[in-house]
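Note sheet for the following structure.
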Amino acid sequence: MSPGEKICSRLQNLTLTNVSVDWNIFLELLQTIWQSSIEYFNINNFTQLSNIEKYNFRYSGTSMKALALKNILVTDLYFSQDDLYRILADMNIEALTVAGSEMIHMLCPSSNSPFRYLNFINNDLTDLLFQNCDTLIQLEIFILQKNKFESLSKVSSMTRYMKSLRYLDMSSNLLRTDGAEEHCQWTESLKELDLSSNQLTESVFGCLPVNVNKLDLHNNQISSVPQGIAELKSLKELNLASNRLADLPGCGGFSALEILNMEMNSILTPSADFFESCQRVRELEAGHNPFKCSCELQAFVRLERQSGGKLSGWPEAYVCEYPEDLKGTQLKDFHLTELACNTTLLLVTALLLTLVLVGVVAFLCIYLDVPWYTKRRAWHECPEERETVLQFHAFISYSERDSVWVKTELIPNLEKGEGSVQLCQHERNFVPGKSIVENIINCIDKSYKSIFVLSPNFVQSEWCHYELYFAHHKLFSENCNSLILILLEPIPPYIIPARYHKLKALMAKRTYLEWPKERSKRALFWANLRAAININLPVAEGQRCGERD
């Protein structure tokens with residue numbers, strides 16, 4: 001044996017880069033290496049020059065354990081798939097990688113395959129891959145990141161015969177679920193599943209492997225974690241970061257959960273009872289959310305102090321986003337007095353003020369008999385019949401967080417030009433010295449219409465709730481059409497608090513105007529809104545009314 005042969009006999013790793021060669025020459029090279037001492041063979045940036053033809057490849061007598069082909073360019077556009085993919089599919093090695101090569105298909109191995117590791121990252125594979133393939137029974141790790149898979153149920157069907165599969169990476173595909181009609185058949189051996197960066201919604205929880213330990217669903221379109229759909233008793237680690245969730249999920253279906261990632265969602269006020277329902281959780285990542293620093297959030301801050309360091313990233317990742325004057329404040333530095341957060345006391349005070357106001361008005365009306373008769377009659381008439389009492393076309397109720405739209409779109413478009421509308425808005429029309437509740441009642445009574453700017457922000461405002469209550473009362477006491485609903489942003493039903501049952505009823509029974517995102521439709525929107533307000537008012541100076549968030 002020559003010195004060169006001795007060196008070759010000891011060589012175990014070989015990498016070739018920037019290779020351009022004919023198909024048959026490449027296979028002869030691969031055949032030679034296959035029957036050498038080389039165990040790990042890598043080819044980067046390979047270009048096939050000639051036509052692909054059938055080749056009788058001999059797999060026996062190899063020391064090869066792993067083959068990696070990266071950035072392969074096939075110039076032959078018309079060839080039999082078997083001539084290319086059969087050679088790869090029937091390789092008797094433990095690990096095969098074909099990456100960044102625009103591969104559109106792969107054949108099922110002809111017999112039980114020794115593959116334990118397959119990596120087909122960054123190709124063009126679809127839902128047709130390995131359907132009804134029962135020869136990959138030793139496969140443990142399967143990476144299909146950055147391909148073109150669309151159906152989660154077909155992915156599950158692909159795995160059903162892979163009895164040893166424990167890790168599957170389906171991230172950065174086009175996956176979606178079909179909802180309740182979907183039938184999923186995952187292999188029972190699957191322990192880790194990566195479904196991140198797809199197009200999955202909350203229906204994904206109806207199509208998950210029951211024995212999964214670690215599940216990655218970050219960067220999808222999940223807005224809630226439904227109760228009762230999936231019971232994943234073995235799930236220990238769940239990543240739901242970068243979705244659309246508005247609150248922390250419960251652990252009813254995840255009894256063994258230990259690690260939860262909820263970063264970069266839409267959580268304003270996290271549930272303070274999270275650790276009560278998720279007692280086995282030892283690490284929660286909930287930072288980088290748009291926290292609303294309010295009374296409700298103080299309970300969550302107290303929870304952090306009691307959790308014993310379970311909040312990962314505290315305090316740097318937990319910062320106030322709302323209100324504007326607290327933006328950037330870390331939650332650990334946010335404090336409100338107990339009196340400021342006593343909702344019961346606030347409601348009692350508002351009720352007492354209302355009762356006092358009603359008592360004073362009743363006394364004056366009894367004492368002054370004629371004015372009482374006149375005012376009582378005016379109150380029970382529609383606005384068209386008591387036009388001289390009105391001072392404003394419309395009273396505007398909106399959340400402070402939607403004030404930019406109100407000030408830059410609604411008010412300028414209604415108050416400008418011929419036939420302008422006189423609007424009642426809190427910043428310029430509230431009467432100083434009067435309570436907010438008294439201002440609200442007076443302004444609704446002095447306005448022909450009440451305009452409600454509806455959005456997810458609206459249903460989280462206490463003062464918006466009061467204004468809706470009084471306007472709703474006016475609607476039924478006068479028995480006339482005095483409400484105008486503008487849907488600025490869609491409001492998912494599940495985020496509407498129970499106290500807004502009147503709003504749910506109004507939206508179900510009444511027509512509302514929806515703010516169009518397309519500029520071409522906005523002229524019609526303003527025309528319809530003006531038509532809904534149509535009434536002539538007497539000229540009056542110095543009117544005051546308003547809204548408060």
Side-chain angles (χ1 to χ4, degrees), residues 223-225 227 236-350 399-401 456-457 459-465 494-500 548-549:
S223 57
S224 66
V225 178
Q227 298 295 322
K236 294 184 177 181
E237 186 171 345
L238 176 60
N239 189 342
L240 288 170
S242 300
N243 277 281
R244 303 175 179 178
L245 292 154
D247 199 359
L248 300 175
C251 292
F254 318 129
S255 55
L257 190 64
E258 297 179 0
I259 299 175
L260 175 63
N261 190 336
M262 293 291 294
E263 291 186 315
M264 292 178 284
N265 274 277
S266 302
I267 302 176
L268 299 177
T269 308
S271 298
D273 59 353
F274 171 76
F275 285 112
E276 293 181 13
S277 63
C278 301
Q279 296 185 3
R280 299 188 63 175
V281 170
R282 54 183 172 82
E283 181 178 328
L284 170 64
E285 295 181 66
H288 304 292
N289 274 286
F291 295 112
K292 178 185 177 183
C293 287
S294 60
C295 294
E296 292 82 358
L297 192 65
Q298 293 214 126
F300 180 75
V301 176
R302 287 194 295 269
L303 174 67
E304 189 281 328
R305 301 189 188 112
Q306 300 166 5
S307 68
K310 291 182 179 180
L311 280 184
S312 178
W314 182 274
E316 293 81 6
Y318 297 79
V319 177
C320 300
E321 182 70 20
Y322 307 105
E324 190 67 28
D325 58 335
L326 290 175
K327 187 173 182 177
T329 303
Q330 291 187 356
L331 266 58
K332 71 179 181 64
D333 299 325
F334 165 66
H335 304 285
L336 285 176
T337 64
E338 193 66 29
L339 180 62
C341 293
N342 193 326
T343 306
T344 302
L345 181 60
L346 178 64
L347 291 175
V348 170
T349 303
S399 168
E400 194 64 32
R401 282 185 235 147
N457 299 323
V459 299
Q460 295 179 23
S461 168
E462 289 292 340
W463 290 117
C464 288
H465 179 227
Y494 64 84
I495 73 168
I496 301 179
R499 65 179 183 273
Y500 273 92
R548 185 67 264 153
D549 189 26

With sequence neighbours excluded, what pairs up with Glu283 under the salt bridge (Lys or Arg N to Asp or Glu O under 4.0 Å) test?
none

Residues passing the salt bridge (Lys or Arg N to Asp or Glu O under 4.0 Å) test with Lys327, sequence neighbours excluded, are Glu321

Counting C-beta onward and ignoring hydrogens, is there a side-chain heavy-atom pair between Phe274 and Leu260 closer than 4.5 Å?
yes

Between OG of Ser266 and CG of Leu245, what distance do you get to the nearest 0.5 Å?
8.0 Å

Side chains of Phe334 and Gln298, heavy atoms from C-beta outward: is any pair under 4.5 Å?
yes

Would you mind listing every side-chain hydrogen bond (donor to acceptor under 3.5 Å, both in side chains) that reaches into residues 238-256, with sequence neighbours excluded?
Asp247-Ser271

Distance from Leu268 atom CG to Cys293 atom SG, nearest 0.5 Å?
10.5 Å

Run the side-chain hydrogen bond (donor to acceptor under 3.5 Å, both in side chains) test against Glu324 and tell me which residues pass, sequence neighbours left out.
none

Pairs involving residues 237-277, ordered by first then second residue, that meet disulfide bond (SG atoms under 2.5 Å apart) (sequence neighbours left out)
Cys251-Cys278

Going from CG on Leu248 to CG on Asn289, what distance comes out if it is rounded to the nearest 0.5 angstrom?
8.0 Å

For residues 277-309, pull every pair meeting ring pair (Phe, Tyr, Trp, His ring centres under 6.0 Å), keeping only residues two or more places apart or in separate chains.
Phe291-Tyr318

Can you tell me how far CG of Leu326 sits from SG of Cys320, rounded to the nearest 0.5 angstrom?
5.5 Å

Atom of Glu263, atom of Asn261 and distance for their closest heavy-atom approach:
N-OD1, 3.1 Å

Ser277 OG to Leu257 CG distance, which is reported to the nearest 0.5 Å:
10.0 Å

Rounded distance [0.5 Å steps], CZ in Arg302 versus CG in Leu297:
10.0 Å

Write down the atom of Gln330, the atom of Lys332, and the distance for their closest heavy-atom approach.
OE1-CE, 2.9 Å

